[in-house]
Amino acid sequence: MGFQVKKAVREKIYVKIALMSPSGGGKTYSALKLATGMANKMELMTGKRPKILLGNTEAKRGYYYADEFDYDIVDIDAPHSPEKYVEFIEFAVNKGYKILIIDSSSHEWEGRGGCLELQQQAGGTYQAWGKVTPRHNKFIQAIADSPIHIIATMRGKDQYELEKDERGKTSVKKLGVGAKQRDGFEYEFTCTFLIDQKTHMAEVQKDNTHIFENQVATLLNESYGEKIAKWADIGKGYTPIVRSKDESSRHGCIDGDIAAVKKEIIAVCTALGGTKNAELMTTLKAYVPSGNPNAFRDIDKAKECLVKIRGIRALEI
């Protein structure tokens with residue numbers, strides 16, 4: 001195999017930011033502040049204000065700050081399959097959004113129809129991860145490869161410790177240790193922050209920008225978003241990431257493979273309650289009268305059906 005040596009040149013970068021915190025830490029608010037600061041700086045540099053899109057998985061929480069920030073919103077309901085999040089990222093890119101907030105990405109891992117549930121549906125064994133991991137990896141790749149800035153929030157793994165104040169009064173402090181996502185997921189990002197629940201101060205865990213070096217903790221705000229956008233714009237242009245078909249297939253690509261599409265339809269149907277879900281069965285039978293996903297012969301119809309059933313709500317248990 002030959003290797004081509006070339007001079008390394010700094011290119012423009014689409015930053016990926018991870019915000020981790022226990023409930024109440026201010027992940028959504030911090031994400032909107034950073035995104036707004038980035039938009040402010042990008043407008044100054046280009047003369048055109050970029051649009052911000054927030055993918056909301058947290059009930060009505062994504063609407064709390066609509067009177068403080070300018071952003072569009074999409075509600076993302078169960079099932080929280082990796083493919084739904086990949087599709088959402090692609091949707092944001094195709095619609096021209098330049099800054100995307102995924103609030104929160106933890107649902108793709110632990111939410112209804114997410115990876116943990118999919119692993120159980122596949123048998124719950126260690127070998128079952130062989131079916132789920134490629135699908136999760138495709139979500140990671142979609143974040144990394146997308147030509148837009150992405151801020152992904154993650155629920156912190158709750159841990160508690162006792163602390164005393166200056167008067168000797170003992171209280172319980174809630175910590176966020178790591179993220180409710182697959183181990184190591186947070187290190188796929190340009191910057192990763194752990195936000196304290198009480199103070200809302202962010203401690204940097206990883207920083208490729210060097211903006212936050214030597215800072216113990218900071219309150220994330222618009223000014224930091226402006227600095228990040230300025231850093232990201234340094235360079236000679238951006239080279240899109242193009243993956244080969246072989247590489248994509250190793251990570252669970254379903255394009256052109258009707259067997260894989262059928263498997264995904266079955267997985268979504270299972271997460272939605274199967275034959276007990278009347279809306280699901282009505283939609284499915286509009287494409288295959290038998291209601292059996294294995295009866296699909298046309299990949300385009302199968303893909304169209306998959307898109308339709310992803311928009312169906314799961315049964316309440």
Side-chain angles (χ1 to χ4, degrees), residues 53 55-60 62 72-95 102 105-125 127-139 141-142 245 248-317:
L53 179 64
N56 174 49
T57 69
E58 302 281 0
K60 293 298 180 182
D72 296 336
I73 192 167
V74 169
D75 292 324
I76 303 176
D77 299 318
H80 294 284
S81 69
E83 289 78 16
K84 178 176 284 188
Y85 287 80
V86 172
E87 185 179 352
F88 176 60
I89 293 170
E90 292 173 349
F91 168 83
V93 173
N94 292 334
K95 291 296 182 180
I102 304 175
S105 65
S106 292
H107 286 73
E108 182 269 345
W109 184 250
E110 66 167 12
R112 185 185 300 175
C115 290
L116 294 181
E117 191 171 291
L118 290 171
Q119 188 262 353
Q120 290 299 307
Q121 292 169 0
T125 63
Q127 288 73 19
W129 283 114
K131 299 179 180 179
V132 179
T133 295
R135 299 169 65 180
H136 176 69
N137 286 345
K138 191 177 181 187
F139 170 51
Q141 286 187 352
K245 289 185 177 180
S248 297
S249 65
R250 287 200 301 272
H251 293 280
C253 180
I254 64 173
D255 293 336
D257 185 348
I258 192 167
V261 180
K262 289 179 184 179
K263 280 187 177 182
E264 174 58 13
I265 291 174
I266 292 170
V268 174
C269 288
T270 302
L272 291 174
T275 57
K276 295 179 181 179
N277 191 320
E279 182 183 359
L280 168 66
M281 295 310 297
T282 299
T283 304
L284 194 59
K285 288 180 179 179
Y287 293 90
V288 278
S290 66
N292 182 358
N294 285 315
F296 275 107
R297 296 292 180 267
D298 186 320
I299 190 169
D300 291 330
K301 285 187 177 180
K303 287 182 177 180
E304 184 180 340
C305 177
L306 180 57
V307 172
K308 292 279 188 182
I309 64 175
R310 281 178 180 163
I312 297 174
R313 288 182 175 272
L315 293 176
E316 295 294 333
I317 299 176

remark   = Applying salt bridge (Lys or Arg N to Asp or Glu O under 4.0 Å) to E58 and not counting sequence neighbours gives R61, R155
key: E90: salt bridge (Lys or Arg N to Asp or Glu O under 4.0 Å) partners, not counting sequence neighbours   =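 Counting only residues at least two positions away or on another chain, E90 forms no salt bridge (Lys or Arg N to Asp or Glu O under 4.0 Å).
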Search all heavy atoms of [X] against all heavy atoms of [Y] and return the closest pair with its distance.
X	Y	value
N294	R297	O-NH1, 3.1 Å
F139	S105	CZ-CB, 4.3 Å
V261	A302	CG1-CB, 3.7 Å
C305	L284	SG-CD1, 3.7 Å
Q119	T125	NE2-O, 2.8 Å
I312	P79	O-CD, 4.0 Å

task = Sequence neighbours left out, what passes side-chain contact (heavy atoms from CB on, under 4.5 Å) with V93? Give chain and number order.
result =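 Expected list: S146, P147, I148.
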key: Verdict with supporting geometry, I102 and I76, side chain to side chain contact (heavy atoms under 4.5 Å, CB included)   = CA-CA 10 Å; I102 304 175; I76 303 176; 5.5 Å; no
K301 side-chain N/O to F296 backbone N/O, donor-acceptor pair under 3.5 Å =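 Here the side-chain-to-backbone pair does not exist.
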message = So, using side-chain hydrogen bond (donor to acceptor under 3.5 Å, both in side chains) as the criterion, who are the partners of Q121 when residues are at least two apart?
response =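 With sequence neighbours excluded, Q121 shows a side-chain hydrogen bond (donor to acceptor under 3.5 Å, both in side chains) to E117, given in chain and number order.
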query = Say you draw a straight line from CG of N56 to CG of D75; how long is it, rounded to the nearest 0.5 Å?
reply =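 It comes to 5.0 Å.
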query = Roughly how far apart are F88 CZ and F91 CZ, rounded to 0.5 Å?
reply =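 The CZ atom of F91 is 7.5 Å from CZ of F88, to the nearest 0.5 Å.
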Side chain proximity check, [X] to [Y], heavy atoms < 4.5 angstrom:
X	Y	answer
L118	P82	yes
E87	V307	yes
H80	T57	yes

Sequence neighbours excluded, every pair satisfying side chain to side chain donor-acceptor pair (under 3.5 Å) that has a member inside residues 282-292 =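 Found Y287-E304.
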Contacts table for residues 267-280: side-chain donor-acceptor under 3.5 angstrom, sequence neighbours left out:
unit_1, atom_1, unit_2, atom_2, d
T270, OG1, I266, O, 2.8
N277, OD1, E279, N, 3.2
N277, OD1, L280, N, 3.1
N277, ND2, L272, O, 2.9
N277, ND2, R313, O, 3.3

key: No-hydrogen, no-angle side-chain donor-acceptor test under 3.5 Å, E108 and H136   = yes
ask   = Is any side-chain N of the basic residue among K138 and E83 closer than 4.0 Å to the acidic one's carboxylate O?
value =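 Not counted as a salt bridge, because no side-chain N and carboxylate O are separated by less than 4.0 Å.
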query = Given E264, which of R135, K131, K84 fulfils the salt bridge (charged side-chain N to carboxylate O under 4.0 Å, His left out) condition?
reply = R135
